[in-house]
Amino acid sequence: MGSKIRHFADDGWAVWIDGDEKSTVYFNEWINPSGKNFVDIGVRMYGARNAREVNIYIPFEVEENEMNDLSSMLKDEDILRGLFNNSCSVRDSGEGNIFEIKYGKHLLNIIKRSEKGSRLHKLSSGTLVTIDLTMIRDEITADELYLIFRVPHKSMDEAFEEKTDVLGAMSRLHETITTPIVTKKYGYAIRINEARLLPPEISNISTLHDQNLRKALVSISISDEYELNDYGCYRIRRLEENLYSDYAPPGFECRDAINYQWVEERDRDMKSHYNFYFDISRSAVSKKSMLLYFCIVLTISMVGNTLYGLLCRLFGMIFG
């Protein structure tokens, strides 16, 4: 029987748009248990010309220099094909705050997050990102507006961090001898617009409670060495390395990654909040156990050889 190490991250996010009640939120997780984790946060508005402000609450502290706007990458048609699962063309890549892409019959504005109209607030816990759309309204050419940026996923970094073993020395030795297989299990919850997980500065905002979300989509990319529960999963696929090699965050190996996708959608009776939960696990042989077994075998072998030599000399003296 293997030992089990359990870790858990419970993220309470919030997204609300002043002037649009049909938005879609996207969380694209880049899970790298042995390195740094990142999350791409995307928001899609369907009434862009009426929207005034976009607010995104991140449940951990983020610095301005840690926020990576991904809009420029969406000018690459291979990346667009990977993200939208459609052949897309860039219609207008001007120097303003917005450019256009077209896929099928849809025309979509991509907003470039810049200092103009964009603010970052540190709260009692977490960070609030606010984008004022009124400052770029003259540039909006379509009803659909999309923004996306990437931040280090610090709560996942903490969940995967190796914790100090507080067991006594003898208990650790016993565990190392008796449990060569170590199973590490991680729980991860994404909760969107749930007041119980939000700080007071956010949970008291009336616009947040009036917000309805048309769709929430979560995508997780993780090495195939890890098992991820796929209950309710909408799509599972090997991550297309040729499409994502330039898009993935530093240190993430696309070649060995599996992508899982969950989606909840309501065309009617739209929901005010969404909840996703995932189990991530990995079983491996403990290096400490294998080293200990090797030392034990080597010691027994050496003692056995020594004892055999002594016995041979003893019998030689007796019967020689």
Side-chain angles (χ1 to χ4, degrees), residues 15-28 39-56 67-118 129-150 192 207 211-219 234-235 237 240 242-244 246-248 259 261-271 274:
V15 177
W16 70 98
I17 301 168
D18 186 3
D20 177 37
E21 294 186 352
K22 297 181 181 180
S23 57
T24 294
V25 294
Y26 301 84
F27 291 91
N28 187 13
V39 55
D40 302 347
I41 306 161
V43 179
R44 187 170 184 172
M45 290 154 277
Y46 295 89
R49 291 188 175 95
N50 297 321
R52 293 177 290 277
E53 190 177 80
V54 183
N55 295 276
I56 302 168
M67 297 193 64
N68 182 16
D69 175 48
L70 299 176
S71 63
S72 62
M73 292 190 177
L74 271 59
K75 294 180 181 180
D76 185 318
E77 294 186 1
D78 283 341
I79 292 174
L80 284 173
R81 183 155 48 95
L83 290 178
F84 289 91
N85 193 28
N86 236 306
S87 293
C88 304
S89 59
V90 178
R91 287 278 299 268
D92 177 15
S93 56
E95 298 301 321
N97 295 283
I98 285 174
F99 65 92
E100 297 176 348
I101 65 170
K102 188 176 186 300
Y103 66 100
K105 296 181 180 180
H106 293 269
L107 184 65
L108 180 65
N109 280 173
I110 307 295
I111 180 173
K112 294 182 282 187
R113 182 182 175 271
S114 63
E115 294 182 0
K116 183 179 180 180
S118 179
V129 179
T130 300
I131 299 172
D132 186 352
L133 299 178
T134 62
M135 301 188 70
I136 57 172
R137 177 160 292 163
D138 293 342
E139 300 179 52
I140 297 176
T141 60
D143 286 330
E144 296 184 32
L145 183 66
Y146 185 76
L147 64 92
I148 185 169
F149 59 89
R150 177 178 295 159
I192 306 168
T207 310
Q211 181 74 66
N212 289 318
L213 301 176
R214 177 176 176 266
K215 181 167 66 173
L217 188 147
V218 173
S219 178
Y234 169 67
R235 181 185 290 118
R237 71 183 196 277
E240 300 86 356
N242 61 318
L243 299 181
Y244 288 94
D246 295 331
Y247 180 78
N259 180 268
Q261 191 175 97
W262 290 261
V263 62
E264 284 193 47
E265 186 171 4
R266 293 282 189 93
D267 287 326
R268 298 180 179 178
D269 301 323
M270 287 177 288
K271 295 174 66 173
Y274 288 86

Inset, instruction - State, with a plain yes or no, whether a side-chain heavy atom of Ile98 is found less than 4.5 Å away from one of Leu145. - result: yes
Got a sec: does the CG of Asp246 have more than 12 other heavy atoms crowding it under 6.0 Å?
no
So CZ of Arg214 and OG1 of Thr24: to nearest 0.5 Å the spacing works out to 5.0 Å
Fill in: Ala51 backbone acceptor or donor facing Arg137 side chain under 3.5 Å
yes
The salt bridge (Lys or Arg N to Asp or Glu O under 4.0 Å) partners of Glu77 (sequence neighbours excluded) come to none
Residues at least two apart in sequence or cross-chain that pass side-chain contact (heavy atoms from CB on, under 4.5 Å) with Thr130, listed by chain then number, are Glu53, Asn55, Arg119, His121, Leu128
Fill in: Glu100 vs Leu107, side chain to side chain contact (heavy atoms under 4.5 Å, CB included): CA-CA, chis, key distance, verdict
CA-CA 7 Å; Glu100 297 176 348; Leu107 184 65; 4.0 Å; yes
### Query
Under a 4.5 Å cut-off applied to non-hydrogen side-chain atoms, are Met67 and Val129 in contact?
yes
Contacts of Asp76 meeting side-chain contact (heavy atoms from CB on, under 4.5 Å) (sequence neighbours excluded), chain-then-number -> Asp78, Ile79
The single option from Ile17, Asn212, Val54 that satisfies side chain to side chain contact (heavy atoms under 4.5 Å, CB included) with Ser23 is Ile17
_Could you tell me if the side chain of Ser219 sits less than 4.5 Å from the side chain of Asn259, heavy atoms only?_
yes
Those residues at least two apart in sequence (or on a different chain) that pass side-chain hydrogen bond (donor to acceptor under 3.5 Å, both in side chains) with Thr207 are none
For the backbone of Asn97 and the side chain of Glu139, can you confirm whether one donor and one acceptor N or O come within less than 3.5 Å of each other?
yes
Any side-chain heavy-atom pair of Lys105 and Lys102 under 4.5 Å = no
Those residues at least two apart in sequence (or on a different chain) that pass salt bridge (Lys or Arg N to Asp or Glu O under 4.0 Å) with Arg49 are Asp143
Report task. Would you mind checking if Glu264 and Lys215 are paired as a salt bridge, meaning a charged N to carboxylate O distance below 4.0 Å? Result -> no
Residues passing the ring pair (Phe, Tyr, Trp, His ring centres under 6.0 Å) test with Tyr244, sequence neighbours excluded, are none
Practice prompt. May I have the step-by-step check of side chain to side chain contact (heavy atoms under 4.5 Å, CB included) for Leu74 and Leu83, ending in yes or no?
Written response: CA-CA 9 Å; Leu74 271 59; Leu83 290 178; 3.8 Å; yes
Output for pair (Tyr26 OH, Asn28 CG), nearest 0.5 Å, gives 11.5 Å
Sequence neighbours excluded, the answer for ring pair (Phe, Tyr, Trp, His ring centres under 6.0 Å) partners of Phe149 is none
The reported gap from CG in Leu133 to CD1 in Ile140 (rounded to nearest 0.5 angstrom) is 5.5 Å
pair Asn109-Phe99: side-chain heavy atoms closer than 4.5 Å: no
Between the CG atom in Leu243 and the CG atom in Leu80, the distance rounded to the nearest 0.5 Å is 10.5 Å
| field | Flag side-chain contact, heavy atom, 4.5 Å: Ile101 against Ile110 | value | yes
Rounded to the nearest 0.5 Å, the CG atom of Leu147 sits from the CD1 atom of Ile131 at a distance of 4.5 Å
CZ (Arg235) and CH2 (Trp262) are apart, to the nearest 0.5 Å, by 12.5 Å
Residues passing the side-chain contact (heavy atoms from CB on, under 4.5 Å) test with Glu144, sequence neighbours excluded, are Arg44, Tyr46, Tyr103, His106, Leu108
Please check: side-chain N/O of Lys112 versus main-chain N/O of Gly96, any donor-acceptor pairing under 3.5 Å? yes
Sorted by chain and residue number, the side-chain contact (heavy atoms from CB on, under 4.5 Å) partners of Ser87 (sequence neighbours excluded) come out as Arg81
Those residues at least two apart in sequence (or on a different chain) that pass side-chain hydrogen bond (donor to acceptor under 3.5 Å, both in side chains) with Tyr247 are Asp40
Backbone N/O of Leu213 and side chain of Tyr274: donor-acceptor pair under 3.5 Å: yes
Heavy-atom closest pair (Ala48 atom, Ala142 atom, distance to 0.1 Å) is CB-O, 3.7 Å
* Asked: Can you tell me if Ser118 and Asp132 form a side-chain donor-acceptor pair at under 3.5 Å?
  -> no
